[in-house]
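Let me begin by presenting the structure, written as structure tokens, before commenting on it.
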Amino acid sequence: MEAGMVSVDRWTHGSQVYFLTHIHSDHTKGLSSTWKLAPLYCSRITAKLFPSKFPGFNLSLLRIVETGVWYSLSLIAPSSNSLVTVKAMAIDAQHCPGAVMYLFQGEFGCMLYTGDFRWERTSKKAQFGKNMLLNALRDKKIDNLYLDNTYCNPSFMFPSREVAAQQVVDIIASNPDHDIIIGIDSLGKEELLLNISRVLKTKIWVWPERLQTMHLLGLHGIFTTKTSVTRVRAVPRYSFSIDTLEGLNLVRPTIGIMPSGLPWALKWVGENRDPLQSSSRSVSRGDRINRSSNIGSYSNIEMPNMMVKSFERYHKYMYAVPYSDHACFAEIQEFIELLQPDTIKGIVSSSPSYVDPHYYFSHLCRGIQPSCKYQKLERPTERKKDEELHTKYNFGSKKFVGAASEHRRIRPRALHSREGCVSILRRERRGVKILETDCKD
DNA sequence: GCGATCAGCT
DNA sequence: CACAGCTGATCGC
């Protein structure tokens, strides 16, 4: 697809239609209440959340797409000034409520933009998505895959969200006399909270805006803004630190839970050990079970149970649990194996672990022969095709150097630095924002 | 005064 | 470093 037609998660001038994968802020940079460039395609749930994120936004610009349905767009090819048809389909990305991937098809071939996604091997919803995608493709293959490469590094291994949620439940259940604080964002991790609520038969406190979001998502009767009715509170992640917890513990025994895929690699790295070879002496509660030392060979049996009970006590009052809404490395690999794309581009450029996905997966791509495995990485000028889709990914940016050099830079300094781990423990913050507002709910 | 952008922070 | 934000300062209108 040539430039000037379709943008995904990018909101600058120059496209005829715009697609939003999900409504997290890092995908809506440039979008605002007054934005009105062109029709905006998004999922039904995203559309529902739109007014609260962008009050006053002209909702008549929104085009709701259902998953599994082809939508035909008649666009003008700027190069020839002729009318062309682009077909688009949304597929559930299992990242946060409303998150979808977009599959595009046209004269240019097939293109998949994953946005952020997590397709667990054991997830029925993910299997449904896989089937939907393969059915949509029929016998065709993806030419260009724009991939959520957030955790595109073998250091990032974590279990399914189901397993991680059970770890959270275990932590809460084994601390029956403690208040519990869980750090979350403005959208996402709802399934985790629902699981806690269901298993432990408790309501969960959230801040007033978050309660409104829960209601928009159709979740009623589970969340509350009354602190008196529950010991479990989900608080904004940014208001959440060791300092906060130490302050709270002056009043009531309280523990914090940090659900994230990120600290896990950092923790290993902070200890300056090869995450693939290390044993697990650092784990103070729970046991990390054996991992394969061969990153490319998780078996179907091995993977789902990896790191069961591997939650980490970061601090006297703080636990980290590997609950991630992004695919882990093994899932990314499986995804690529399933699709066998011609080329891959990472859409997350800011990750400390950023490497060009080709670094690990070029051998799984049809477009690159093993003999010239790294040729593309060292010659970033070959970008004709990449520039065809106007996406969030900034193809011309100098940030995107070849993976080989990026790899050298990042692994020793960021992924193998001790500071990475320590800084998390040294976070300083003034106080937690727990509003004592009692709203009707 | 307002929105947009950026720096700084976690 | 930052999964995905928040806050405050500054700039242009």
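In what follows, chains carry the letters A, B, and so on, assigned in the order in which the sequence lines appear, proteins first and then strands, with residues in each chain numbered from 1. The figures here come from the full heavy-atom set of this structure, side chains too, leaving out hydrogens, waters and symmetry mates.
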Task: Close side-chain approach of W119(A) and L133(A), heavy atoms under 4.5 Å - done: yes
Open item on the list: Expressed as a whole number of angstroms, how long is the span from E209(A):CD to dG5(C):P?
Closed with: 14 Å
TODO: Looking at every strand, decide which applies to D325(A) at a 4.0 Å heavy-atom threshold: base, sugar-phosphate, or nothing.
DONE: nothing
Open item on the list: Taking only side-chain N and O atoms of H326(A), does any of them lie within less than 4.0 angstrom of OP1 or OP2 on dC3(C)?
Closed with: no
Task: Any residue meeting side chain to side chain contact (heavy atoms under 4.5 Å, CB included) with Q340(A), in chain and number order, not counting sequence neighbours - done: K141(A), R366(A)
Open item on the list: Is any side-chain heavy atom of E331(A) closer than 4.5 Å to one of Y151(A)?
Closed with: no
TODO: Using atom CG of D9(A) as one end and atom C1' of dA4(C) as the other, report the distance to the nearest whole Å.
DONE: 14 Å
Open item on the list: Less than 4.5 Å apart, side chain to side chain, heavy atoms only: is that true for L192(A) and I184(A)?
Closed with: no
Task: Between dT10(B) (P) and M318(A) (CE): distance, integer Å - done: 13 Å
Open item on the list: Using whole Å, what does the distance between atom C1' of nucleotide dA4(C) and atom CD1 of I347(A) come to?
Closed with: 14 Å
Open item on the list: Ring centres under 6.0 Å, that's the criterion: do Y18(A) and W35(A) meet it?
Closed with: yes
Task: Rounded distance (Å) that lies between atom P of dC9(B) and atom CG of D185(A) - done: 20 Å
Open item on the list: From CE of M258(A) over to P of dA4(C), roughly how many Å is that when rounded to an integer?
Closed with: 15 Å
- [ ] Please report, rounded to the nearest Å, how far the C1' atom of dC3(C) is from the OH atom of Y238(A).
- [x] 16 Å
Open item on the list: From CZ of R210(A) over to C1' of dA4(C), roughly how many Å is that when rounded to an integer?
Closed with: 12 Å
Open item on the list: Suppose we call a contact any N or O donor and acceptor under 3.5 Å apart; does that hold for the side chain of T150(A) and the base of dC3(C)?
Closed with: no
Open item on the list: Once you apply a heavy-atom cut-off of 4.0 Å, does S186(A) come out as touching a base, just sugar-phosphate, or nothing?
Closed with: sugar-phosphate
Open item on the list: Closest approach to the side chain of S25(A), judged atom by atom: which nucleotide of dC3(C), dA4(C), dG5(C) is it?
Closed with: dG5(C)
Task: Sub-6.0 Å ring centroid separation between Y113(A) and F19(A) - done: no
Open item on the list: Is it true that S241(A) and D243(A) share a donor-acceptor pair across their side chains at a distance under 3.5 Å?
Closed with: no
Task: Options dC6(C), dG5(C), dC3(C), nucleotide nearest the side-chain atoms of Y151(A) - done: dC3(C)
- [ ] Kindly say if H95(A) contacts the phosphate of dA4(C), meaning a side-chain N or O under 4.0 Å from OP1 or OP2.
- [x] yes
Open item on the list: Please give the distance between the P atoms of dA7(B) and dC1(C) as a whole number of Å.
Closed with: 13 Å
Give me the distances for all protein-to-nucleotides 2-4 of chain B N/O pairs that come in under 3.5 Å?
| unit_1 | atom_1 | unit_2 | atom_2 | d |
| --- | --- | --- | --- | --- |
| dA4(B) | OP1 | S32(A) | OG | 3.4 |
| dA4(B) | OP1 | T34(A) | OG1 | 3.0 |

